[in-house]
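Quick notes on the structure that follows.
Fair warning: this is a prediction, and the values are worked out from it, not measured in the lab. Here is the naming used below: chain letters follow the sequence lines, and residue numbers restart at 1 for every chain. Worth knowing before you read on, the calculation uses all heavy atoms, side chains too, and leaves out hydrogens, waters and symmetry mates.
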Number of protein chains: 2
Amino acid sequence: MAKLNSELMRGSLDLMLLTVLSGGKKYGYLLQQELRDASRGLIDIQAGTMYPLLHRLEADKLIRSSWDDSTGRRRKWYELTPTGRKRLSQQAREWHEYAECLKNMLSPVLEPVPRTA
Amino acid sequence: MAKLNSELMRGSLDLMLLTVLSGGKKYGYLLQQELRDASRGLIDIQAGTMYPLLHRLEADKLIRSSWDDSTGRRRKWYELTPTGRKRLSQQAREWHEYAECLKNMLSPVLEPVPRTA
DNA sequence: CAGTCATATATCGCGAAGCTATATATAGAC
DNA sequence: GTCTATATATAGCTTCGCGATATATGACTG
């Protein structure tokens, strides 16, 4: 699966991270991998994109973090806050509405009208 | 219909303009109106966003323009170039793929699993 | 044991791009 | 004559994604 033109994802990156986090606590590197795997390589968020984004989401109190230093691998685990959960479901609905709308507009481009036999 | 959080549209604005232009020649103000109407107010691209975007698309030779000064209303009509048409169908497919992927990820959030009776 | 790669997080600087505000000009309504 | 809608354009601000770079450890390999 070819990597996606990343420009397309602008605007829904937070939504994606929040979505993956709704499946439970994750740390950054794991999040990155899960996204890549779940999308068969389509979605590959760079580290230099993801970490600042996680920091933003935390500053906005949509997620919270805790370090685990018990192993040699320092890991910062993130989880949704109640606010984050609300934001997620709201953004998800908004995105879905938008996607349906755009899909509708695109339909003539995606599936050209078959010739009337 | 409430206006959409415009952040969500980042990354697919060009796609939308190209899509609307695939329906025939349009000038900027008309484009803006058609988008707003077709989406029942959901998509409302600001003038300060749209005009620079149109200029970019033209600089990239995806669209071309011609002035109509025959009336009091100066209008700049835009139409797709062959290159723009190719780009549109390519971006449309890419977006669709991405949208399906995200929709998939979102499905547990959008439609919570019903309790097993 | 030295070298290399994967794991794991972080930040800087750059450039792209959307928004608000503002400017300009005309048409039509009242 | 004033106000609103039509129609296009640009400057300045800010946000944000990316590549590059830095740091440190674990795991494998010869």
- Query: Which residues in residues 63-70 of chain B have at least one heavy atom lying under 4.0 Å from any atom of DNA chain D?
  - Reply: B:W67
- Task: Specify the separation, in whole Å, of atom CH2 of B:W77 and atom C1' of D:dT8.
- Result: 14 Å
- By side-chain hydrogen bond (donor to acceptor under 3.5 Å, both in side chains), which residues pair with A:S65, not counting sequence neighbours? A:E58
- Note on the structure: Note: contacts of residues 12-36 of chain B with DNA chain D (heavy atom, under 4.0 Å) are B:Y27, B:G28, B:Y29, B:Q33
- Atom CG of A:L8 and atom P of C:dA17 are separated, to the nearest Å, by 12 Å
- Item | Under the side-chain hydrogen bond (donor to acceptor under 3.5 Å, both in side chains) test, residues paired with B:E34 that sit two or more places apart | B:K26
- Could you tell me which non-hydrogen atom of B:P108 sits nearest to which non-hydrogen atom of B:N104, and how far apart they are? CD-O, 3.9 Å
Polar atoms only, N or O, under 3.5 Å: list the protein pairs with nucleotides 25-30 of chain C and their distances.
unit_1	atom_1	unit_2	atom_2	d
C:dT26	O2	B:R73	NH1	2.4
C:dA27	O4'	B:R73	NH1	3.2
C:dA27	O4'	B:R73	NH2	2.8

- Item | D:dC16 OP1/OP2 closer than 4.0 Å to side-chain N/O of A:R56 | yes
Donor-acceptor pairs under 3.5 Å, side chain of residues 41-56 of chain A to any protein atom, not counting sequence neighbours: which ones?
unit_1	atom_1	unit_2	atom_2	d
A:D44	OD1	A:R36	NH1	3.0
A:Q46	NE2	A:D44	O	3.2
A:H55	ND1	A:Y51	O	3.4

- Item | Nearest-angstrom distance from the residue atom CD of B:E7 to P of D:dT15 | 11 Å
- Item | For B:R64 against B:L80, the heavy-atom pair lying closest together | NH2-O, 4.4 Å
- Query: Any idea which heavy atoms bring B:S22 and B:L88 closest together, and the distance?
  - Reply: CB-CD2, 3.5 Å
- With sequence neighbours excluded, tell me which residues meet side-chain hydrogen bond (donor to acceptor under 3.5 Å, both in side chains) with B:S70. B:D68
- Nucleotide C:dA16, atom P - distance to CG of B:L57 in whole Å: 15 Å
- Item | Between P of C:dA17 and CZ of B:R10, the distance in whole Å | 9 Å
- Those residues that, when tested against B:K76, pass side-chain hydrogen bond (donor to acceptor under 3.5 Å, both in side chains) (two or more places apart): none
- Item | Pairs meeting criterion ring pair (Phe, Tyr, Trp, His ring centres under 6.0 Å) with involvement of residues 19-43 of chain A, two or more places apart | A:Y27-A:W77
- Item | By salt bridge (Lys or Arg N to Asp or Glu O under 4.0 Å) - contacts of B:R93 (at least two apart) | none
- Sidechain N-carboxylate O distance under 4.0 Å for A:E79, A:R85: no
- Query: Among residues 47-55 of chain A, which residues get a heavy atom nearer than 4.0 Å to DNA chain C?
  - Reply: A:G48, A:Y51, A:P52, A:H55
- Task: Tell me which of B:Y78 and A:Q46 sits closer to the 5' end of DNA chain D, going by the nucleotide each one is nearest to.
- Result: B:Y78
Output a table of donor-acceptor pairs, distance under 3.5 Å, between side-chain atoms of residues 9-21 of chain B and any protein atom two or more places apart or on a different chain; print 'none' if there are none.
unit_1	atom_1	unit_2	atom_2	d
B:S12	OG	A:Y98	OH	2.7
B:S12	OG	B:M9	O	3.1
B:T19	OG1	B:L15	O	2.6

- Is A:K25 close to A:S66 at the side-chain level, that is, under 4.5 Å between some pair of heavy atoms? yes
